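Before any comments, here is the structure.
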Amino acid sequence: MAIGRRQLLSSVALTALAAPVLAKGTATRAAAAVGTAAAAGSGPLVMQVVAHEDDDILFMNPDLSNALANGTPSVTVFVTAGNITGDPCATACYDTAGDPLRTWNRQMGAVNAYSRMTGVGDTDPGTDEVGHWTAEAWTVAGKQVERYVLKGRPVHLIFLNLHDAGLGGVLAGGTDTTVVPVGSPLSGPSTYTAADVVEVLRQLMVAYQPTVLRAQDELPDSRYTGDHSDHVAAAKFAGEAARLYGGTLIQVNYRDYNISDSPVNLDPATVGAKGVFVSEYAGHDHSGNYSDAWFSRMYYRWSRGTSWAGLNQDGRPQVFVVRAGALYTYWRQGDGSWGGPVRMADPGGRLAPGIAVGTNADGRLEVFARRLTDHHIVSLPQGTPNGWWWNGWADHGNPNAGLGNEDQVGVPVVAGDQDGRLELFVKNGGGGLSNIRQTTPGGVWASTWTDLGGTDLQDPVTAIRNGAGRIEVFAGTRTGIVNWWQTAPNGAFSGPGPIPNARPASPPKAALDQDGRIELAYREVGTGAMLVGYQTQPGGSWSQSPAPLGGHGGVGEPAAATLGGRVVLFERNRGGGVSTTAQTAPNSGYGAWQDLGGTVLDYPAAIVDGGGVLHVFAIGTDGRVCYRTGTTATTFGGWQVLPL
C-alpha cells in the first residue's frame with residue numbers, strides 16, 4: 001500500500017545552446033547545470049534499470065504505467081544507447097555515423113511514451129513531447145549521464161548511452177565508450193568497464209533511494225525463445241548493484257523475449273492501453289521488429305508466489321520478505337502489535353523472492369527458498385515453537401546437480417504429510433517436478449531428490465493435503481494444468497494427470513473446502529479472468545469444466561485461505577490493487593468481487609490466524625508490507641503498514 005509520496009527534487013538551471021541542425025522528428029535540447037538527486041524520504045520510489053529505451057514499455061507494462069498513473073515517483077535508467085535502431089534506420093542501420101541521431105530518436109521515443117503514460121502528452125504519437133521535460137548532464141561515479149526530468153511530475157529518465165549489443169562484452173571484461181547523442185548536453189563520451197556500470201547504478205540507488213527495483217531477466221528460461229545479451233547483462237549489473245546497495249530494496253525481475261512462448265495473460269483493454277504507449281515510442285523507432293505477443297503478456301522471472309505467510313504454533317501469523325537478496329521477517333505479537341523487521345541468517349547468497357513457509361510436526365515454522373548464486377534449494381527452521389530461529393540454513397542441493405540444467409530449477413513449495421513430515425516440491429531443470437521429504441517428522445531431510453515426471457511446467461507449483469489426508473501437487477503448463485497425488489496418506493506419488501479443460505494463464509492456487517475437497521483457482525488465458533476447478537469428492541475426480549469467477553483483471557496466481565468453511569480468494573487486479581471474492585456459503589459458489597484498493601507489487605498472501613481472523617498481506621510500492629484483516633470472508637478493515 002503506497003502511503004505518503006516521495007518528492008523528486010531537481011534544481012535544473014537551464015542554459016540555452018545554439019540549435020544544431022536536426023533531422024525531422026528531433027528537437028533541440030538545452031544543457032543544464034547538474035541538479036540535485038532525489039531527496040531522501042519514506043514514500044515510494046520505483047527505479048527501472050533496462051538495457052534499451054523500449055524494454056520497460058514492452059516488458060514491464062502494465063506495472064510501469066499503473067505506477068505512473070497513480071503518481072508513484074519513478075526513475076528509469078537506460079543502460080545502452082539503442083543506437084543500432086532508431087530513426088532513420090531505413091537508410092543507415094549499422095553505420096557508426098548514424099549512432100548519435102538514432103540514439104537521440106530512441107531517447108525521444110522514451111520521452112514520448114512516458115509523457116503519455118503520465119497523462120501529460122497529447123494523443124498524436126508523431127508529436128514530440130520533449131517540451132514537457134528538462135535535460136541536463138549529470139556526473140555520477142565519474143561518468144557523465146543524461147537526465148531528463150518531467151516538469152511538475154516526479155519522473156526522471158537517465159541515459160548511460162553504452163553501445164547497443166555491446167553490453168555482454170562489457171560484462172565479460174571488455175570496455176565501451178558511450179555514444180554522445182545529437183544535441184546532447186554531455187561534454188563528451190565516457191568509458192566504462194563492468195565495475196563502472198555497477199558503480200554508476202549503485203550510486204544512482206544511493207542518490208534516489210528506491211524502494212523498488214525493476215530489472216530484466218538475469219537467467220532466461222532456456223526451454224524457450226532466447227533473449228538479447230544486453231537484457232541479461234543489464235539485469236546482472238542491476239542485481240549486483242542492488243546487492244552492494246543493500247538496504248530494504250525490493251527487486252522484481254521481468255521476462256523479456258520468451259514471454260511470446262507463454263499464454264496471453266493480459267485482458268484486451270490492458271493490451272490496447274499498452275499498445276498506445278508502445279506506439280508513442282515506435283514513432284521514433286521504425287525498426288519493425290516488435291512481436292504482437294509482447295503487447296499481450298507480462299511475466300515475472302521469479303514469482304513471489306502467495307505462500308510467504310505462516311502461522312506460529314500459538315496461531316500468530318508471521319510473514320517473510322526478500323529484500324536485496326536477504327530474508328526479513330515480521331510477526332504478530334501477543335498484544336496484537338507487530339515485531340520486526342528482523343534480518344534472518346545469511347543464506348550464503350542472494351535469494352529469489354519466492355518464499356514457501358511450512359509447519360513442522362511440533363509447530364516450528366520452516367522457510368524454504370531458492371538461492372540465486374548457486375541454484376540450490378535452502379531452508380531455515382525455528383529452533384523452538386513460537387521462538388528463535390537457527391542462524392544457519394540447511395542446503396538441500398539441486399535436483400539436477402551435474403546435469404547441466406541446474407540453473408533452470410524453480411522456487412520451492414512445501415506441504416505436510418498426515419504424519420507430520422514435510423514434503424518439498426520444485427519445478428526441476430528439465431521442466432518436470434522433483435520432490436524430497438523429511439525422513440522423520442521434524443527431522444532430517446532426505447539427501448536424494450525424486451523426479452516425479454512431467455514436462456513444460458511453469459513456475460511456481462502449488463501443493464496441499466486434501467480431506468482424505470493425501471498431498472496433491474498442481475502445476476500449470478502452457479496448455480493446461482497437471483497434478484500429482486499420493487496413493488495413500490504419507491505414501492508415494494502418482495501422476496501427472498490432467499485437470500479437465502483447464503486453460504491457464506497463471507500458475508494455480510489450491511485451497512480446501514470445508515468438506516475436504518480441493519478448489520483450484522487460476523487465471524484464464526486471453527482474459528485474465530479467474531477460473532476455479534473443484535473436486536467432486538475429497539481426493540476424488542474433478543469437475544469437467546472450470547467455473548468462471550470473473551474478477552477485476554490483472555496477472556498471476558491468486559492467494560487463498562479458508563475462513564468459517566468458506567474459501568476466500570485474493571488477486572492483484574488490473575489497476576495494481578487487491579480484489580477479493582469468497583464462497584457465499586461453505587462448499588458452494590462464489591459471490592461478487594470487491595476492490596480492496598491499494599497499489600501493490602506482484603502477489604498477495606493470505607492466512608487465517610488462531611483466533612479466526614483473516615489476514616491478507618501485500619507489498620506496496622513503498623517497499624513496506626501492508627495488510628488488511630477481516631473477521632468474515634467479505635468484511636475487511638483498512639490497510640495498515642508494517643515498518644521498514
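If you read the sequence from its start, that first residue is 1, and numbering goes on from there. Only a predicted model underlies this, so the values are computations on that prediction, with no experimental measurement involved.
Within the 4.5 Å cutoff, the side chain of Val616 has no heavy atoms near those of the Thr580 side chain. Looking at Leu351 and Leu327, their side chains come closer than 4.5 Å, going by heavy atoms from C-beta outward. In this structure, Asp459 and Val411 have side chains that are in contact, with non-hydrogen atoms separated by less than 4.5 Å.
Classified by interplanar angle (parallel below 30°, tilted 30° to 60°, perpendicular above 60°), the ring pair Tyr114/Phe78 is perpendicular. Ring geometry for Tyr603 against Tyr300 counts as perpendicular: the plane angle is over 60°, on a 0 to 90° scale with 30° as the lower cut.
In this structure, Thr76 OG1 and Gln48 CD are separated by 4.0 Å, a value rounded to the nearest 0.5 Å. One finds the CG atom of Asn112 at 11.0 Å from the OH atom of Tyr281 (value rounded to the nearest 0.5 Å). Atom-to-atom distance recorded for Leu601:CG and Arg572:CZ is 6.5 Å, nearest 0.5 angstrom. Residue His376 holds its NE2 atom at 6.5 Å from CZ of Arg371, rounded to the nearest 0.5 Å. Here Arg223 contributes atom CZ and Leu457 contributes atom CG; the two are 7.5 Å apart, rounded to the nearest 0.5 Å. Note: Leu58 CG to Tyr254 OH = 13.5 Å, rounded to the nearest 0.5 Å.
Checked for salt-bridge contact, Arg304 and Asp602 meet the test: a charged N lies under 4.0 Å from a carboxylate O.
Within the 3.5 Å criterion, the main-chain N or O of Ile471 finds a donor-acceptor partner in the side chain of Gln486. Asn161 places no side-chain N or O within donor-acceptor distance of the main-chain N or O of Thr178, the cut-off being under 3.5 Å. Within the 3.5 Å criterion, the main-chain N or O of Asp196 finds a donor-acceptor partner in the side chain of Thr193. A donor-acceptor pair is defined here as one N or O able to donate and one able to accept, closer than 3.5 Å; such a pair exists between the side chain of Asn428 and the backbone of Gly431. Listed for the Thr527 side chain is no donor-acceptor partner under 3.5 Å among the backbone atoms of Asp267. Formation of a donor-acceptor pair under 3.5 Å by the Lys274 side chain with backbone atoms of Arg297 is found in this model. Although no hydrogens or angles enter the test, the distance criterion places a donor-acceptor pair under 3.5 Å between the side chain of Trp484 and the main chain of Leu452. Between the side chain of Thr455 and the backbone N or O of Gly432 there is no donor-acceptor pair closer than 3.5 Å.
Here Trp542 and Tyr534 keep their ring centres 6.0 angstrom or further from each other. For Phe493 and Phe425, the ring centers sit closer than 6.0 Å to each other. Taking the six-membered ring where the residue is Trp, the centroids of Phe474 and Trp485 are separated by 6.0 Å or more.
Each of His552, Lys509, Arg523 was compared with Glu571 under the side-chain hydrogen bond (donor to acceptor under 3.5 Å, both in side chains) criterion, and only Arg523 meets it. Looking at Val252, Leu219, Asp256 one by one, the single match for side chain to side chain contact (heavy atoms under 4.5 Å, CB included) with Arg301 turns out to be Leu219. Remark: of the listed residues Val50, Asp55, Asp217, Asp55 is the sole one forming a side chain to side chain contact (heavy atoms under 4.5 Å, CB included) with His231.
Residues Glu519 and Gln535 have side chains that never bring a donor and an acceptor to within less than 3.5 angstrom of each other. The closest side-chain donor-acceptor pair between Thr225 and Asn258, if any, does not fall under 3.5 angstrom. Donor-acceptor pairing under 3.5 Å is recorded for the side chains of His375 and Arg370. A donor-acceptor contact closer than 3.5 angstrom is absent between the side chains of Gln107 and Asn105.
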| request: Begin with the C-alpha distance, continue with both residues' side-chain angles, and end with the deciding distance and a verdict on side-chain hydrogen bond (donor to acceptor under 3.5 Å, both in side chains) for His52 and Asp230. | output: CA-CA 8 Å; His52 308 115; Asp230 284 351; 2.9 Å; yes

| request: Applying side-chain hydrogen bond (donor to acceptor under 3.5 Å, both in side chains), run through Glu557 and Ser506 and close with a yes or a no. | output: CA-CA 5 Å; Glu557 60 267 33; Ser506 77; 5.4 Å; no

| request: Under the side chain to side chain contact (heavy atoms under 4.5 Å, CB included) rule, what do Tyr192 and Leu160 come out as? Steps first, then yes or no, please. | output: CA-CA 10 Å; Tyr192 282 80; Leu160 272 56; 3.9 Å; yes

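The cationic group of Arg255 lies under 6.0 Å from the six-membered ring centre of Tyr299 and within 45° of the ring axis, placing it in a cation-pi geometry.
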